[in-house]
Amino acid sequence: MNKKEMKKMKKELSYENRNGWINSDSYKSEAFQFAEIYKDFLSQCKTERETVQFVYNEFTNRKKEGDFLIVNRGKNIALIRVGKKDGIKLVASHIDAPRIDIKQNPLFEDTEVAMFHTHYYGGIKKYQWFNIPLAMHGVVVKENGESVEIKVGEDEKDPIFVIPDLLPHLSHKVVDEKKVKDAFEGDKMNLIVGSIPIDKEEKDAVKLQVLSILNEKYGIKEEDFISAELEIVPALNPKDLGFDRSLIAAYGQDDRICAFCSKEAFFNAKDNSKTIVALMIDKEEIGSDGNTGAKSRFLMDVAIEVLKAKKETVDFESISNFFRESEVLSSDVNGAVNPMYKDVHEKDNASYINHGVVMTKFTGHGGKYMANDASAEFVSKVRTIFNNAKVNWQIGELGKVDEGGGGTIAKYLASWNMDVIDCGPALLSMHSPYEISSKTDLLETYKAYKAFFED
Ligand code: MN
Ligand code: MN
């Protein structure tokens, strides 16, 4: 065999994934344009409630005849297009992201500084949240049921909030010498909210000043925080990253990058013959519990509404059939290999930035515990769809065996007897206040979901 033949053979027989930027200039401009729409979406959707509202509004403008949606408690949304043929295609993402929540009795004063107690939400590296500009988003529901929306820190003229870190000069003993996981205590993650006393003599005069400002601006009093959901998120807007602008730095890309791609794929999918659903779920980052998480029976509502729209009988058997016939992309992100920490990955099964959308057959940790493990048959089906549509894809496992791991909503969806595989782009610095994605991976993820819907 000569060199040329050998080369040909290698190309035919080997699995290789490739960098998405080897494409033409027109590809690059398509990816860059798509990224602009995505960055705008991210800047307007920093919480699950805001995402549902945004998608709801967009649906009204972009829906096709017969499309409908279901919203669950303002935190889940399902976009549905009923097809004529049997079979259901779901792309399911989550729209909550790691953040800092405000406690129910948050306001206190110490050393004449007014602060909010917080409780972090999801898996964060706490040190990343000290001394960065933070914004407050959420709702306060008053005793009479009136809901007051609060959004501070996003407008150029708005104030921001900060969790103050300790100066290096004095942090040797209390912070620096400890293990990182012990050095930053959740209980010390308090947010500065004010420092002017309302009066010279009054006790807790700074706290009272903050209460009076809040009362004037929002008509709320201290007890109203008990029934509030206020989320602290980075007051940072999405930006292009790098001289070549190939990457995007932004908060909340796990997993709103998949939510974004799934809704774009839904709206742009050619009329096809199967039923398609873009599903956006809450509470993934804290274990998928609760009535808006993937473990809730909201999926049952989706099944029932589809059956009703198809004028089919709604009974135990038809619901069971609905789920058994469903094929699902659990659309969530993977962790891309960080060039400085390659050792936590096994290179042949890791996912790489710019190398396309990632198919993750199983998640979980050591020994495949807590994993959805997609069947070979279903993986074959999905890879064929992607290959036919010329989607740039790669396989990915989250870290070396025994290194750690993680889960997604895949296993909860699979428990309904649906075929499920994880599929989404790989991020750098996942769960940080400023996560990194790639513009080619964004485009390929969209193309993958669209091809899946159109199959
Ligand atoms: Mn995720
Ligand atoms: Mn996550």
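Indexing begins at 1, ligand by ligand and atom by atom, following the structure's order.
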>> So which atom in Tyr449 and which in Ser331 form the shortest heavy-atom distance, rounded to 0.1 Å?
In response: OH-CB, 2.9 Å
> How close do His137 and Glu50 get, heavy atom to heavy atom, and via which atoms?
Replying inline: ND1-OE2, 2.5 Å
> N/O/S atom of Glu284 under 2.8 Å from the Mn ion (ligand 1), yes or no?
Replying inline: no
> Backbone or side chain, does Cys258 get an N/O/S atom under 2.8 Å to the Mn ion (ligand 1)?
Replying inline: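 It does not; every qualifying atom lies at 2.8 Å or beyond.
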>> Closer than 2.8 Å to the Mn ion (ligand 2): does that hold for any N, O or S atom in His431?
In response: yes
>> For the Mn ion (ligand 1), give me the closest N/O/S atom belonging to Asp332, just the atom name.
In response: OD1
> Name the one of Arg62, Lys263, Arg81 that satisfies salt bridge (Lys or Arg N to Asp or Glu O under 4.0 Å) with Asp67?
Replying inline: Arg81
> Within the distance-only criterion (no hydrogens, no angle test), does the side chain of Asp96 pair as donor or acceptor with the backbone N or O of Thr47 below 3.5 angstrom?
Replying inline: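 Not at all, since once roles are kept as given, no pair shorter than 3.5 Å links the two residues.
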> Is the backbone N or O of Gly356 less than 3.5 Å from a side-chain atom of Asp441, with the two atoms forming a donor-acceptor pair by type?
Replying inline: yes
> By atom name, which N, O or S atom belonging to Glu285 lies closest to the Mn ion (ligand 2)?
Replying inline: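 Going by distance to the Mn ion (ligand 2), the closest N, O or S atom in Glu285 is OE2.
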> Relative to the Mn ion (ligand 2), which of the N, O or S atoms in Asp254 is the closest?
Replying inline: OD2
